[in-house]
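Naming: A, B, ... by sequence-line order, numbering from 1 per chain.
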Number of protein chains: 2
Amino acid sequence: MTHMAASARSTPSDHAGLGLRERKKLKTRVAIRDATYRLIAEQGYDATTVEQIAEAAEVSPSTVFRYFPTKEDIVLTDEYDPVLESELRSRPADEPIIESMKHVITKALKLGFDEDAEMTRLRTRLQVEVPAVRSRMMESMSVTGQLLCRVLAERTDRDPADLEVRVYSMALVGALMETTLYWAEHGHQDDLSDLMTRTLDTFANGL
Amino acid sequence: MTHMAASARSTPSDHAGLGLRERKKLKTRVAIRDATYRLIAEQGYDATTVEQIAEAAEVSPSTVFRYFPTKEDIVLTDEYDPVLESELRSRPADEPIIESMKHVITKALKLGFDEDAEMTRLRTRLQVEVPAVRSRMMESMSVTGQLLCRVLAERTDRDPADLEVRVYSMALVGALMETTLYWAEHGHQDDLSDLMTRTLDTFANGL
DNA sequence: TAGATATTGACAGTGACTATCACTTAAGAG
DNA sequence: CTCTTAAGTGATAGTCACTGTCAATATCTA
């Protein structure tokens, strides 16, 4: 879901009664992400080195890479795919997929989005402006695509590895991603929910 | 079109009556690509450094980067987007887009593909196996997407920047790309034309 | 508290990519 | 044909993302 607009500063299931170790890890993770967003907002993406991020987050560069496999991932990583999946599964099984997506997306935007609109805007702006970030976002597409494959396969009683299921899923994910880019390219002026609705209608009915 | 299967060892409009300079450039370009494919086939993608490529192609590393912006581009770059565009435009304007795509793709596969099946297989295999290559391929999607936007906009008499046009185009390109991946993942055993036909049917009619 | 284990930082790489500059070589004018 | 101009090249020296290793430290468990 990185390619959509859901934000993710605080993880879905924040610090519960975890051990000290886990709590520290979470704190470090958040520290790195916050430092990254701050520095990038100040200096831009390319001008911000991992070393600077490490220093700002008060960890070593090694640690940064232990938490995030690549620099782009610091910006992009979120944990909303599982949420999306369970939300989709909670919709009636005979509802058309497009309808389900409309509901789920609208809900997701209402909830997760207002919560931290600033970061979502920065993130989507980077997706438009920084090739490396866009590229990584597109890779994340295939993960969400696989998720969709599973759900779709279940609903239509097919194999998730079927060509048809995979094609339909990736086409859909591609459509959603393009919508987010469109939104960001136009300065986040439109209402994203409206755009998504238009997208899903186009997807269902053709041009 | 990098994400599709069209190959491109010899450029479409090979060495005509170009000046000596142009001919040399073309030779260098081909030398770099051939060296790259050979080394990668022998040692794998990651184990092959740009330095090795430069040495094998008998140029300096600087020159390699003058010809190709990134290492992935050496593998991926092709020049078939313009061909695709003109072929698409040569179809009757009132033909459904999906039909046009079927014709154009089938034709492209028949022509450009048998010519150098070996390289096409290596290329698509790398798209599956090497994340960096897949990632770059996905970036090239958006270029082909824009191409499709132009053609579609013209046919349907809309603005190529319309959300609907963009969404439809990217969805279609995503579908085609997924098909190529599917083909490569299954060891290139299916007939790619058949797969593409199934894909376009799914795209037109839904799941 | 003692010992197993997880997490970290320091260090030393590798390799893709960039910028600069002098040098060679092809292209065009007279 | 030759001189000028500009294109193309190679060498060099960098930057920075990212990897691997190892010793030190912090947490957990018994």
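Between the CZ atom of A:Arg136 and the P atom of D:dA17 there is a distance of 15 Å, given to the nearest Å. Taking atom CD of residue B:Gln43 and atom P of nucleotide C:dG15, one finds them 11 Å apart after rounding to whole Å. Rounding to whole angstrom units, NZ of residue B:Lys27 and P of D:dT9 are separated by 12 Å. In this entry the distance linking CG of A:Leu26 with P of D:dT27 reads 16 Å, nearest Å. In this entry the distance linking CG of A:Asp73 with P of D:dA17 reads 14 Å, nearest Å. Atoms NZ (A:Lys25) and P (C:dT5) sit 16 Å apart, rounded to a whole Å. One atom, CD of B:Glu58, and another, C1' of D:dG10, lie 14 Å apart when rounded to the nearest Å. Across the protein-nucleic acid pair, B:Ile32 atom CD1 and D:dG10 atom C1' stand 13 Å apart, rounded to whole Å.
Every residue two or more places apart in sequence or in another chain that forms a side-chain contact (heavy atoms from CB on, under 4.5 Å) with A:Arg66 is listed here: A:Ser62, A:Thr63. For B:Glu87, the side-chain hydrogen bond (donor to acceptor under 3.5 Å, both in side chains) partners at least two apart in sequence or on another chain are B:Lys107. For A:Ser169, there are no side-chain hydrogen bond (donor to acceptor under 3.5 Å, both in side chains) partners, not counting sequence neighbours. In this structure A:Glu139 satisfies the side-chain hydrogen bond (donor to acceptor under 3.5 Å, both in side chains) test together with A:Arg136, B:Ser135, sequence neighbours excluded. Under the side-chain contact (heavy atoms from CB on, under 4.5 Å) criterion, B:Thr156 pairs with A:Leu207, B:Arg158, not counting sequence neighbours. Scored by the side-chain contact (heavy atoms from CB on, under 4.5 Å) test, A:Lys27 finds no partners at all (sequence neighbours excluded). Remark: B:Ala161 engages B:Asp159 in a side-chain contact (heavy atoms from CB on, under 4.5 Å) (not counting sequence neighbours).
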Do any side-chain atoms of residues 49-57 of chain B form donor-acceptor pairs under 3.5 angstrom with protein atoms, and if so which ones, sequence neighbours left out?
from    : atom 1 : to      : atom 2 : distance (Å)
B:Thr49 : OG1    : B:Glu51 : N      : 3.4
B:Thr49 : OG1    : B:Gln52 : N      : 3.1
B:Gln52 : OE1    : B:Thr49 : N      : 3.2

Filtered N/O pairs between nucleotides 16-20 of chain C and protein, under 3.5 Å:
from   : atom 1 : to      : atom 2 : distance (Å)
C:dA16 : OP1    : B:Lys71 : NZ     : 3.4
C:dA16 : OP2    : B:Val50 : N      : 3.2
C:dC17 : OP2    : B:Lys71 : N      : 2.7

Which atoms of nucleotides 27-30 of chain C (N or O only) lie under 3.5 Å from a protein N or O atom, and what are those distances?
from   : atom 1 : to      : atom 2 : distance (Å)
C:dA27 : OP1    : B:Leu20 : N      : 3.0
C:dA27 : OP1    : B:Arg21 : N      : 3.1

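The side-chain heavy atoms of A:Tyr45 and A:Glu72, taken from C-beta on, include a pair separated by under 4.5 Å.
Here B:Tyr67 does not reach the OP1 or OP2 of D:dG8: none of its side-chain N or O atoms lies under 4.0 Å away. Contact check, A:Lys24 against C:dT7: no side-chain N or O comes under 4.0 Å of OP1 or OP2.
Applying the side-chain hydrogen bond (donor to acceptor under 3.5 Å, both in side chains) test to pairs two or more places apart or on separate chains, those with a residue in residues 186-195 of chain A are A:Thr124-A:His188.
For the helix from C:dT1-D:dA30 to C:dG30-D:dC1, the axis fitted to the five pairs at one end and the axis fitted to the five pairs at the other end meet at an angle of 30° (nearest 10 degrees).
For A:Glu129, the CD atom is densely surrounded, since the number of other residues' heavy atoms within 6.0 Å is greater than 12.
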